[in-house]
Amino acid sequence: MSPAHDREARECLDRLREALRRHGITLPSLDLHLLSYAGSYTTPPLISLGNCNLATARLLTDALAAR
(Lines give C-alpha, C1' and ligand atoms only; values in the text may rest on other atoms or scores of the structure.)
Protein backbone atom coordinates (compact mmCIF):
# COMPACT_ATOMS: atom_id res chain seq x y z
CA MET A 1 0.00 0.00 0.00
CA SER A 2 1.26 3.42 -0.80
CA PRO A 3 1.85 6.04 1.91
CA ALA A 4 -0.83 8.15 0.24
CA HIS A 5 -3.40 5.36 0.66
CA ASP A 6 -2.32 4.88 4.26
CA ARG A 7 -2.74 8.59 4.99
CA GLU A 8 -6.08 8.74 3.14
CA ALA A 9 -7.47 5.76 5.05
CA ARG A 10 -6.33 7.05 8.44
CA GLU A 11 -7.70 10.54 7.75
CA CYS A 12 -11.05 9.08 6.70
CA LEU A 13 -11.15 6.88 9.78
CA ASP A 14 -10.39 9.85 12.05
CA ARG A 15 -13.05 12.00 10.35
CA LEU A 16 -15.65 9.24 10.66
CA ARG A 17 -14.81 8.65 14.32
CA GLU A 18 -15.11 12.39 15.03
CA ALA A 19 -18.41 12.72 13.13
CA LEU A 20 -19.86 9.82 15.08
CA ARG A 21 -18.58 11.29 18.36
CA ARG A 22 -20.40 14.57 17.62
CA HIS A 23 -23.61 12.53 17.58
CA GLY A 24 -22.72 10.74 20.81
CA ILE A 25 -21.93 7.51 18.95
CA THR A 26 -18.95 5.29 19.68
CA LEU A 27 -18.21 2.18 17.65
CA PRO A 28 -15.57 0.31 19.69
CA SER A 29 -14.60 -1.87 16.72
CA LEU A 30 -14.20 1.04 14.28
CA ASP A 31 -10.80 0.60 12.66
CA LEU A 32 -9.01 -0.16 9.43
CA HIS A 33 -9.90 -3.58 8.05
CA LEU A 34 -6.71 -5.52 8.77
CA LEU A 35 -6.78 -7.87 5.79
CA SER A 36 -7.27 -5.10 3.27
CA TYR A 37 -4.81 -2.89 5.13
CA ALA A 38 -2.09 -5.55 5.14
CA GLY A 39 -2.62 -6.55 1.51
CA SER A 40 -0.79 -5.19 -1.49
CA TYR A 41 -3.77 -3.58 -3.16
CA THR A 42 -3.66 -0.43 -5.24
CA THR A 43 -6.65 1.08 -3.45
CA PRO A 44 -7.02 2.36 0.11
CA PRO A 45 -7.93 -0.24 2.74
CA LEU A 46 -11.49 -0.81 3.86
CA ILE A 47 -12.81 0.64 7.09
CA SER A 48 -14.37 -1.90 9.41
CA LEU A 49 -17.38 -0.52 11.24
CA GLY A 50 -17.67 -3.55 13.49
CA ASN A 51 -20.53 -4.57 15.69
CA CYS A 52 -22.73 -2.40 17.87
CA ASN A 53 -25.51 -2.86 20.40
CA LEU A 54 -29.14 -1.87 19.79
CA ALA A 55 -28.77 1.51 21.50
CA THR A 56 -25.89 2.42 19.19
CA ALA A 57 -27.78 1.16 16.14
CA ARG A 58 -30.69 3.43 17.10
CA LEU A 59 -28.35 6.41 17.52
CA LEU A 60 -26.90 5.74 14.07
CA THR A 61 -30.36 5.44 12.55
CA ASP A 62 -31.51 8.67 14.16
CA ALA A 63 -28.38 10.56 13.11
CA LEU A 64 -28.72 9.41 9.51
CA ALA A 65 -32.46 10.12 9.43
CA ALA A 66 -31.87 13.67 10.72
CA ARG A 67 -29.47 14.38 7.86
Side-chain angles (χ1 to χ4, degrees):
M1 174 183 337
S2 74
H5 285 324
D6 180 54
R7 185 174 45 258
E8 179 183 6
R10 290 188 178 279
E11 288 173 358
C12 185
L13 179 64
D14 290 344
R15 290 180 65 206
L16 177 56
R17 189 175 279 131
E18 177 59 24
L20 290 168
R21 187 199 62 74
R22 285 193 304 268
H23 287 280
I25 300 167
T26 300
L27 295 175
S29 302
L30 182 65
D31 209 345
L32 296 177
H33 182 259
L34 294 180
L35 293 177
S36 67
Y37 188 72
S40 58
Y41 303 104
T42 59
T43 58
L46 299 172
I47 293 179
S48 178
L49 298 176
N51 298 321
C52 66
N53 60 29
L54 290 177
T56 303
R58 287 184 186 110
L59 285 170
L60 281 168
T61 302
D62 293 344
L64 292 170
R67 188 95 157 72

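This chain uses plain numbering: 1 for the first residue, then up along the sequence. Here the structure is a predicted model, which means the values were calculated and not measured. Note: hydrogens, waters and symmetry copies are ignored here, and every other heavy atom, side chains too, is used.
In this structure, Glu18 pairs ionically with Arg21, as a charged nitrogen and a carboxylate oxygen lie closer than 4.0 Å.
Applying the 6.0 Å contact sphere to CG of Asn53 captures more than 12 heavy atoms from other residues, nucleotides or ligands.
Taking SG of Cys12 as the start and CD1 of Ile47 as the end, the distance is 4.0 Å to the nearest 0.5 Å. Of the inter-residue distances, the one linking His5 atom NE2 with Arg7 atom CZ reads 10.5 Å to the nearest 0.5 angstrom. Separating the CD1 atom in Ile25 from the CZ atom in Arg58 is a distance of 13.0 Å, to the nearest 0.5 Å.
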Report, one line per pair, each donor and acceptor closer than 3.5 Å where one atom sits in a side chain of residues 26-34; sequence neighbours left out.
{"residue": "His33", "atom": "ND1", "partner": "Ser36", "partner atom": "N", "Å": "3.2"}
{"residue": "His33", "atom": "ND1", "partner": "Ser36", "partner atom": "OG", "Å": "3.3"}

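Connection of Leu59 to Leu16 is established within a shared hydrophobic cluster, with ILVMFWY side chains joined at heavy-atom distances below 4.5 Å, either directly or through further cluster members. Leu46 and Leu20 are not part of a single hydrophobic cluster, where members link through side-chain heavy atoms under 4.5 Å apart.
Residues passing the salt bridge (Lys or Arg N to Asp or Glu O under 4.0 Å) test with Arg10, sequence neighbours excluded: Asp6.
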